[in-house]
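All residue numbers in this chain count up from 1 along the given sequence.
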Amino acid sequence: MPELSPLHWFLVALAALIVGASKTGLPGGVTLAVALFAQVFPARESTGALLPVLICADVLAVWLLHRRPDWRLLLRLFPWTALGVLLGWGLLGRIDDAGLRLVIGVLIVGMTLYQLAQRFRGRPAAPAPSGASPLFTAGMGTAAGVTTMIANAAGPFMALYLLAMRMGKLEFVVVNAWFFLAVNSFKVPFAANLGLITWDSLRFNLLLVPLVLAGAVLGRWMLRRINQQAFELMVLWLALIGGLRLLMPV
């Protein structure tokens with residue numbers, strides 16, 4: 001079990017609450033949780049410490065939402081994401097954290113600023129057909145796989161992809177929940193192989209389960225009370241904050 005200061009316990013608890021809320025009503029919040037965990041643990045260790053928390057929240061989200069996703073969309077996207085996870089697994093041992101954070105942060109900030117600029121100019125964020133483009137799906141799926149394996153930071157890529165698909169907020173959250181349940185579960189053996197998940201880290205994760213549950217209930221409550229435009233703008237702003245955080249020193 002890690003020895004944490006009261007401040008660090010507060011940051012970890014807040015991150016667990018945010019993770020739960022992000023999975024059921026506030027997509028994009030996971031990038032903030034990634035940043036909080038990176039303040040408490042070294043970069044590589046924070047990835048493994050957060051992964052079981054994410055899976056717990058994914059399971060709760062799927063259970064609380066009681067909806068089936070668009071399986072065709074997930075089946076198109078998942079193979080590319082799995083490829084990205086494999087690439088990220090290989091990269092983790094070959095490139096330093098600072099370089100990876102810089103690349104991921106630049107990509108997230110660049111894409112999010114483009115989406116925001118299009119909205120403020122009164123244009124759609126992306127043409128509807130782009131979401132169905134095989135090249136767009138391959139690129140976004142692979143990028144999501146690499147970034148989720150390296151830093152649990154695929155949320156902005158998935159958010160931008162689903163917004164381009166012109167989904168309503170409930171469908172957005174449902175697809176997001178099922179997608180990350182599959183992807184995060186797929187990552188477990190690779191994270192364990194790298195020593196990022198251990199029995200000690202799992203015992204630490206168990207302490208955070210009640211906070212994840214509380215966050216999931218809070219997120220479900222929020223989802224029913226926010227309109228579509230505010231929802232999409234909040235997703236983009238949270239993605240931007242997460243991207244900017246990745247550009248800052250840990």
With a 4.5 Å cut-off on side-chain heavy atoms, are [Y] and [X] touching?
| X | Y | result |
| --- | --- | --- |
| Leu247 | Val109 | yes |
| Leu208 | Val19 | no |
| Lys23 | Leu54 | yes |
| Val175 | Met158 | yes |
| Leu51 | Leu196 | no |
| Leu194 | Thr47 | no |

Is the side chain of [X] donor-acceptor paired with the backbone N or O of [Y] at a distance under 3.5 Å, no angle test?
| X | Y | value |
| --- | --- | --- |
| Thr137 | Pro134 | no |
| Thr142 | Ala138 | yes |
| Asn205 | Ala49 | yes |
| Lys187 | Val85 | no |
| Ser185 | Ala182 | no |
| Ser201 | Thr198 | yes |

Among residues at least two apart in sequence or on other chains, which ones pass salt bridge (Lys or Arg N to Asp or Glu O under 4.0 Å) with Arg72? Asp70
Go through the steps for Phe180 and Ile55 under the test side-chain contact (heavy atoms from CB on, under 4.5 Å), then give the verdict. CA-CA 8 Å; Phe180 279 108; Ile55 294 172; over 6 Å; no
List in chain and number order the residues that pass side chain to side chain donor-acceptor pair (under 3.5 Å) with Ser46, two or more places apart in sequence or in another chain; answer none if no residue qualifies. none
Do you reckon Phe41 sits in the same ILVMFWY cluster as Leu14, going by side-chain contacts under 4.5 Å, direct or chained? yes
Can you check whether Trp178 and Phe172 have ring centres sitting under 6.0 Å from each other? no
Where do Pro52 and Gly48 come nearest, in terms of heavy atoms and distance? CD-O, 3.1 Å
Looking at Asn152 and Val34, what are the two nearest heavy atoms and their distance? O-CG2, 3.2 Å
Count the heavy atoms of every other residue, nucleotide or ligand shown that sit under 6.0 Å from CH2 of Trp71, and state whether that count exceeds 12. yes
Check against side-chain contact (heavy atoms from CB on, under 4.5 Å), Leu77 and Tyr161: CA-CA 10 Å; Leu77 192 62; Tyr161 179 77; 4.0 Å; yes
